[in-house]
Amino acid sequence: DKFEDCKLHVEFRTPIPAEGDSGQHRGNSGIFLMDRYEVQVLESFGLPPSKGDCGSLYSITAPTKNMAKKPMEWQTYDITFRAPRHDTSGKKTENGRLTLIWNGEKVQDNIEVPSPTRDHKAPEPPGAQPIRLQDHGFTVQYRNIWIVPYNQ
């Protein structure tokens, strides 16, 4: 299915990193809204928040605090997403917005989503797109995923 405005619940757990693993090699995955806006999933227990760690809108904004649990513990994301708005000609008139509750704590509060997270200059055509779970080859596990269309 394809979605625009939505509420998304995801439970995930990250693996125990191999000795010497650091940065994006610690259970890297992500949740893509409209197949272009990534909420990062990464083993980040005990790390300072950054634009590339768990709870970030990848490469755009860090979470306000790190709510990561230890590796192999189940965690939750509750995401409220408002898709970008477009005029009748298809031109983007308003950026998307996102709120993220991570393990019960709000860490992104109605933040602006100014562009796609991987390629900040990528097109953002109107219309619903799928939700995608990223596979970087790590044994990140997901369960209890549900989504509800949400008119804001």
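These values consider heavy atoms only, across backbone and side chains, with no hydrogens, waters or symmetry-generated copies. Quick note: residue numbers are just sequence positions, from 1.
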Short side-chain to backbone donor-acceptor contact, Glu112 and Asn95, under 3.5 Å: no

Set of residues satisfying side chain to side chain donor-acceptor pair (under 3.5 Å) with respect to Gln129, sequence neighbours excluded: none

Are any side-chain N or O atoms of Ser56 and backbone N or O atoms of Ala62, one a donor and one an acceptor, separated by less than 3.5 Å? no

Between Leu100 and Tyr77, is there a side-chain heavy-atom distance shorter than 4.5 Å? yes

Return the set of residues passing side-chain contact (heavy atoms from CB on, under 4.5 Å) with Thr99 (not counting sequence neighbours), or none when no residue passes. Thr80, Lys106, Asp109, Asn110

Who are the side chain to side chain donor-acceptor pair (under 3.5 Å) partners of Ser115, not counting sequence neighbours? His120

Taking Ser44 for the side chain and Leu42 for the main chain, is one N or O donor matched with an acceptor at less than 3.5 Å? yes

Could you work out, with side-chain contact (heavy atoms from CB on, under 4.5 Å) as the rule, every residue matching Glu4, not counting sequence neighbours? Met34, Ala83, Ala128

Under the side-chain contact (heavy atoms from CB on, under 4.5 Å) rule, collect the residues that match up with Pro126, sequence neighbours excluded. His86

Heavy-atom check, side chain of Phe3 versus side chain of Leu8, under 4.5 Å: no

Assert yes or no for the condition that the ring centre distance of Phe32 to Tyr37 is strictly below 6.0 Å. no

In chain order, what residues pass the salt bridge (charged side-chain N to carboxylate O under 4.0 Å, His left out) check against Glu94, with sequence neighbours excluded? Arg82

With the side chain counted from C-beta on, respond yes when Leu133 and Ile145 share a heavy-atom pair under 4.5 Å apart, and no when they do not. yes

Kindly indicate whether the side chain of Pro15, heavy atoms from C-beta on, has any atom under 4.5 Å from the side chain of Val140. yes

Kindly write out the residues that satisfy side chain to side chain donor-acceptor pair (under 3.5 Å) with Asp1, not counting sequence neighbours, or none if the list is empty. none

Pairs satisfying salt bridge (Lys or Arg N to Asp or Glu O under 4.0 Å), at least one member in residues 62-80, at least two apart: Lys65-Glu105

So if you build clusters from Ile, Leu, Val, Met, Phe, Trp, Tyr with side-chain heavy-atom gaps below 4.5 Å, do Val148 and Leu98 land together? no

Suppose we screen for salt bridge (charged side-chain N to carboxylate O under 4.0 Å, His left out). Which residues come up paired with Lys7, at least two apart in sequence or across chains? none

Donor on one side chain, acceptor on other, Asp53 and Ser50, under 3.5 Å: yes

Measure the shortest side-chain to side-chain distance between Glu38 and Gln134 over non-hydrogen atoms and say whether it is less than 4.5 angstrom. yes

Can you list everything that forms a side chain to side chain donor-acceptor pair (under 3.5 Å) with Thr93? Sequence neighbours excluded, please. none

Would Arg118 count as a cation-pi partner of Tyr58, with NZ or CZ less than 6.0 Å from the six-membered ring centre and within 45° of the ring normal? yes

Between the main-chain N or O of Pro130 and the side-chain N or O of Asp35, is there a donor-acceptor pair closer than 3.5 Å? no

Glu124 side chain reached by Pro116 side chain, heavy atoms, under 4.5 Å: yes

Just wondering, do Phe45 and Cys54 contact through their side chains at under 4.5 Å, heavy atoms? no

Across all chains, not counting sequence neighbours, the side-chain contact (heavy atoms from CB on, under 4.5 Å) partners of Thr88 are none

Hey, is the main chain of Ser59 close enough, under 3.5 Å, to the side chain of Thr117 for a donor-acceptor pair? no

Flag the pair Val107 / Ile101 as yes when at least one side-chain heavy-atom distance between them is below 4.5 Å, and no otherwise. no

Mind checking what makes ring pair (Phe, Tyr, Trp, His ring centres under 6.0 Å) contact with His9, not counting sequence neighbours? Trp146

Would you say the rings of Phe81 and Tyr150 are close, in the sense that their centroids are separated by under 6.0 Å? no

